[in-house]
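Report on one structure; see the data block that follows.
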Amino acid sequence: MAIAVLTSCSSGETANETLPPVSSSAAPTSDTLQPLGPPDLPMPMEARQQSEAGAQAFLRYYMQLYSAAQASMNADYLDQFSQDCATCDRIIEEIRQDAATGYSYRGGQISVDYLDSSPVKGSVVEAVLSIRQSPLTVIDSTGQPIPSLIFDERTSSGSGALLGWDETTNSWVLNQWDVN
Amino acid sequence: MAWATAPAIADCRGLSCTPETGLSGGAVNLTAGDIVGPDESGNYSAQRAVATGPVLYTWRLRTPCEVDDLALGGCQPGGETCPVAEGRVITYYVVQRQRLVQPGAQPEDAPPPPPDAEVGSAYGAWLPFATACVDITDLNPPPSPDEVFRYFQTLPLPQLTTRQQPPGEALVGLPVIFFTDSPTTQVFTVDIRGFAVTITARATSFAWTTGDGTTLITTDAGAPYPDQTITHDYAAGTYTAGLTTTWGGTFSVDGGAAADVPGTTTTDGAPATFTVREARAVLTNPYD
């Protein structure tokens with residue numbers, strides 16, 4: 001049976017003496033990358049591709065992380081995946097200060113209604129997204145809602161984001177988030 | 001106590017916070033208009049109207065501090081210099097622009113806007129355009145803090161006079177009292193490009209040169225005996241003491257909210273010369 005296979009291969013074509021070239025943009029796999037993100041919400045592999053689709057997947061993931069951060073009152077992963085992002089810094093500071101005061105959040109989950117982006121230019125992607133934050137109530141340390149910190153649903157259509165590629169972690173980083 | 005650790009953050013959370021439109025420090029939003037340049041010096045010009053073609057962007061001119069340190073607010077302005085021209089307002093800005101939804105196809109490099117976005121509405125990120133000096137005279141902006149400071153430096157601020165006690169000659173071992181009774185607050189109303197700007201100047205620091213190599217720095221103007229707060233001991237001799245006053249201030253434009261003048265200036269008052277004598281004990285006959 002082995003002889004029959006060799007005979008078939010040798011008919012007509014010459015075998016390559018070298019391995020096929022490996023593309024430098026080959027998609028990383030879960031075997032080659034250190035996992036990122038919280039264990040119960042790891043960054044999906046799709047979000048770690050240096051491509052337009054990867055940037056969009058990352059942005060969706062960041063919004064999931066934001067929802068999770070509000071539920072856990074832990075903004076460390078939002079901090080890890082943003083850099084020089086004023087809106088991100090404000091949100092992170094809100095969560096951290098509220099957590100330090102003993103406050104917690106009820107609601108405030110983020111859903112992405114629309115997301116598109118430009119192609120990757122250099123290592124930057126410009127994204128446009130429409131998002132929605134469900135009604136949010138800040139709860140004090142006794143479990144009571146704080147009347148001045150009860151917010152209706154908020155939608156933001158056509159917001160913008162700039163993402164940069166981080167070579168060291170093979171991940172996107174949110175550099176700017178402008179909420180319209 | 002629980003309230004001692006309450007967060008010093010705004011009364012909003014997450015996306016409930018309004019977009020960052022609280023411009024300060026001379027920042028400008030240019031919703032209809034254009035930024036053109038750079039000229040041969042690398043400077044830009046802001047114009048009220050778009051010269052030609054479709055309006056592709058809305059513009060925002062922000063101070064470097066607003067961009068770098070919006071959350072924490074510890075940034076110190078200054079350090080960038082722009083050309084000074086009579087009657088022109090030229091300020092150092094970070095210029096950003098946001099795309100406007102175009103009728104039909106969007107520019108090739110633009111990400112598509114949401115399908116329900118109205119033509120002409122702004123969408124997407126604020127994109128960096130330039131960081132440079134921008135001539136914003138055409139926008140007739142209210143005087144910026146830096147512009148007010150330039151006026152502040154030219155105001156005829158009081159030159160506080162040095163007063164000392166005892167008057168005339170002083171004695172070794174008897175501390176000399178320094179104070180000034182000149183006004184330490186003065187209000188000026190100036191016209192800056194048609195805006196009525198009220199500047200309240202306040203003496204914030206006093207440097208008393210005692211004439212013997214010592215400089216006393218105080219934040220109060222001192223007071224005469226018996227409420228004195230500033231004194232100095234001398235050896236015998238003749239001394240000339242002087243006072244340099246540092247002035248800070250606040251300003252308001254057309255009766256609006258007051259803001260700090262971003263800098264200080266100094267004035268030197270008329271010096272005082274006096275002699276300090278050594279007192280010597282002399283035995284006298286009280287029955288003479």
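Hydrogens, waters and symmetry mates play no part in the numbers below; they use all other heavy atoms, side chains included. Residue numbering restarts at 1 for every chain, and letters A, B, ... go by the order of the sequence lines.
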State the [atom1]-[atom2] distance between [X] and [Y], to the nearest 0.5 angstrom.
{"X": "B:Trp126", "Y": "A:Asn180", "atom1": "CH2", "atom2": "CG", "answer": "8.5 Å"}
{"X": "A:Ser157", "Y": "B:Glu118", "atom1": "OG", "atom2": "CD", "answer": "9.5 Å"}
{"X": "B:Arg99", "Y": "A:Glu126", "atom1": "CZ", "atom2": "CD", "answer": "4.0 Å"}

*When you look at CG of A:Asp152, are more than 12 heavy atoms from neighbouring residues, nucleotides or ligands closer to it than 6.0 Å?*
no
*Step through the shown structure and confirm whether more than 12 heavy atoms of other residues, nucleotides or ligands are within 6.0 Å of CD on A:Glu46.*
no
Where [X] and [Y] come nearest, the two heavy atoms and their spacing:
{"X": "B:Pro128", "Y": "A:Leu162", "value": "CD-CD1, 4.3 Å"}
{"X": "A:Gln133", "Y": "B:Ser16", "value": "OE1-N, 3.9 Å"}
{"X": "A:Arg90", "Y": "B:Cys17", "value": "NH1-SG, 3.1 Å"}
{"X": "A:Tyr105", "Y": "B:Arg13", "value": "OH-CD, 3.5 Å"}
{"X": "B:Gly14", "Y": "A:Ile91", "value": "CA-CG1, 4.4 Å"}

*When only pairs under 4.5 Å are counted, which of A:Ala161, A:Ser130, A:Ser148 shares the most heavy-atom pairs with chain B?*
A:Ala161
Side chain / backbone / both / neither for [X] at chain B, heavy atoms under 4.5 Å:
{"X": "A:Val125", "value": "neither"}
{"X": "A:Ser159", "value": "backbone"}
{"X": "A:Ile110", "value": "side chain"}

*Counting only heavy atoms closer than 4.5 Å, note whether B:Asp109 contacts chain A via side chain, backbone, both or neither.*
both
*asked:* side chain to side chain contact (heavy atoms under 4.5 Å, CB included), that's the test. Do A:Leu136 and B:Leu15 meet it? Break it down for me.
replied: CA-CA 10 Å; A:Leu136 169 66; B:Leu15 305 191; over 6 Å; no
*Most heavy-atom pairs under 4.5 angstrom with chain A, which of B:Pro115, B:Ala110, B:Pro112?*
B:Pro112
